[in-house]
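To keep things clear, I will list the structure first and then write my remarks on it.
Every chain is numbered from 1 and lettered A, B, ... according to where its sequence line falls, protein lines coming before strand lines. Quantities reported herein were computed from a predicted structural model and do not represent experimental measurements.
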Number of protein chains: 2
Amino acid sequence: MPDFVKDNHQFHNPVEFAISKIGGTYKMPILWRLKDKKWRFSELQRSISHASDRMLSKALKELIEDGFITKEIFPEVPPRVEYNITERGIKSIAIIDALRNYGLDLMKDFGIENH
Amino acid sequence: MPDFVKDNHQFHNPVEFAISKIGGTYKMPILWRLKDKKWRFSELQRSISHASDRMLSKALKELIEDGFITKEIFPEVPPRVEYNITERGIKSIAIIDALRNYGLDLMKDFGIENH
DNA sequence: TAAGTAACTAACAAAAATGTAAGTATGCCA
DNA sequence: TGGCATACTTACATTTTTGTTAGTTACTTA
């Protein structure tokens with residue numbers, strides 16, 4: 001597991017790289033929602049209600065830059081914007097699902113009930 | 001995916017909970033190393049050389065508190081301490097492996113060569 | 001007698017992530 | 001004419017995570 005550098009940032013293993021791309025508080029929740037349909041900004045906002053405008057916007061922007069999602073702007077007033085998942089985004093769904101299931105197992109293990 | 005609270009901390013989904021337990025820069029590297037043998041503190045130090053004493057110590061302590069690893073102190077001078085993985089720790093290896101493989105795929109996708 | 005060793009801990013500093021509040025554009029509707 | 005709606009951005013504050021430096025214990029070896 002040799003170190004490597006990408007975009008002026010040093011990584012020590014593949015997990016660090018993966019987390020740098022889809023980690024953080026909001027990226028996986030976004031990808032998870034986009035996995036089977038397009039979502040508007042305001043829909044994501046309502047659904048991930050603990051995310052502020054700023055954080056949601058920031059996460060979306062980085063996911064676009066990294067090629068996990070795309071953005072379509074409709075020239076209407078008020079504006080309409082739709083976010084769509086890409087091939088690369090689709091490929092991320094499997095680990096998000098695995099992580100989610102592991103999280104559920106851990107919750108059970110720690111005695112957390114999910115109704 | 002309802003919110004829940006554990007140890008005075010609010011979580012919004014199972015992934016967040018999983019990451020709170022095995023996330024951060026050093027926990028997965030530690031678990032990964034302990035998966036098939038015991039390691040001494042100094043061995044981990046040499047192997048995860050970018051971790052400072054403090055961070056390594058902190059990560060180990062939290063993994064112990066959360067039941068992923070155990071610690072055995074030998075009454076020798078200079079001291080000898082061995083860290084060992086638990087059942088709960090063993091169960092985490094599968095996602096670490098999955099995340100690692102996903103990371104390798106992503107690296108390839110982003111044009112990063114690993115020799 | 002002094003330096004070396006393993007496995008730490010404490011105090012403090014810096015960097016990164018997240019949060020909060022306010023402001024922007026454009027046109028529609030009352 | 002004023003307020004409303006959507007999808008943002010900017011500036012700033014706070015919190016969390018990570019890093020740095022120095023010190024501790026207690027025995028062994030030079």
Study note, to complete from the structure: Regarding the side chain of A/R54, the nearest nucleotide among D/dT10, D/dA7, C/dT9 is D/dT10
Exercise for review: Please report, rounded to the nearest Å, how far the C1' atom of C/dA15 is from the CG atom of A/N8.
Suggested key: 16 Å
Check your understanding: Given atom CD1 of B/I19 and atom C1' of C/dT18, what is their separation to the nearest angstrom?
Key -> 17 Å
Exercise for review: Take the protein atom NE2 of A/H9 and the nucleotide atom P of C/dA15, then report the distance between them rounded to whole Å.
Suggested key: 13 Å
Review point. Between A/E65 and A/K61, does at least one N-O distance fall below 4.0 Å, as a salt bridge requires?
Key: no
Check your understanding: Quick one: on DNA chain D, does B/G24 or A/Y83 contact a more 5' nucleotide (nearest heavy atom)?
Key -> A/Y83
Check your understanding: Between A/D109 and B/R88, is the closest basic N to carboxylate O distance under 4.0 Å?
Key -> yes
**Study point:** Ring centers of B/H50, B/Y26 separated by less than 6.0 Å
**Key:** yes
Revision key, fill the gap. Whichever of A/A51 and A/V77 has the more 5' nearest nucleotide on DNA chain C, that residue is A/A51
Check your understanding: Which whole-number value in Å describes the distance from B/L56 CG to D/dT18 C1'?
Key -> 13 Å
Check your understanding: If only side-chain N and O atoms of B/K71 are considered, is one of them under 4.0 Å from the OP1 or OP2 phosphate oxygen of C/dC8?
Key -> yes
Point to revise | Proximal nucleotide (of D/dC8, C/dC8, D/dT6) relative to the B/V81 side chain | key: C/dC8
Check your understanding: Within this structure, what is the CE-to-C1' distance between B/M55 and D/dT16, rounded to whole angstrom?
Key -> 11 Å
Exercise for review: Please state how far atom CZ in A/R46 lies from atom C1' in D/dA5, giving the value in whole angstrom units.
Suggested key: 11 Å
Review point. Is the cationic atom of A/R33 (NZ for Lys, CZ for Arg) positioned less than 6.0 Å from the six-membered ring centroid of A/Y83 and within 45 degrees of its normal?
Key: no
Exercise for review: Could you pick out which residue, A/K58 or B/F41, lies toward the 5' side of DNA chain C when each is mapped onto its nearest nucleotide?
Suggested key: B/F41
Review point. Does D/dT9 have OP1 or OP2 sitting under 4.0 Å from an N or O in the side chain of A/S57?
Key: yes
Review point. Can B/F74 be reached from B/L60 by stepping across I, L, V, M, F, W or Y side chains whose heavy atoms are under 4.5 Å apart?
Key: no
Review point. OP1 or OP2 of D/dT6 sitting under 4.0 Å from any side-chain N/O of A/S42?
Key: no
Review point. Should B/R40 be listed as having a side-chain N or O under 4.0 Å from OP1 or OP2 of C/dA7?
Key: yes
Review point. Heavy atoms under 4.0 Å, any strand shown: does B/F74 hit a base, just sugar-phosphate, or nothing?
Key: nothing
Practice item. Check every strand shown and say whether A/R80 touches a base, only sugar-phosphate, or nothing at a heavy-atom separation below 4.0 Å. Key: sugar-phosphate
Point to revise | Whole-Å gap separating P (C/dC8) and CD1 (B/I73) | key: 7 Å
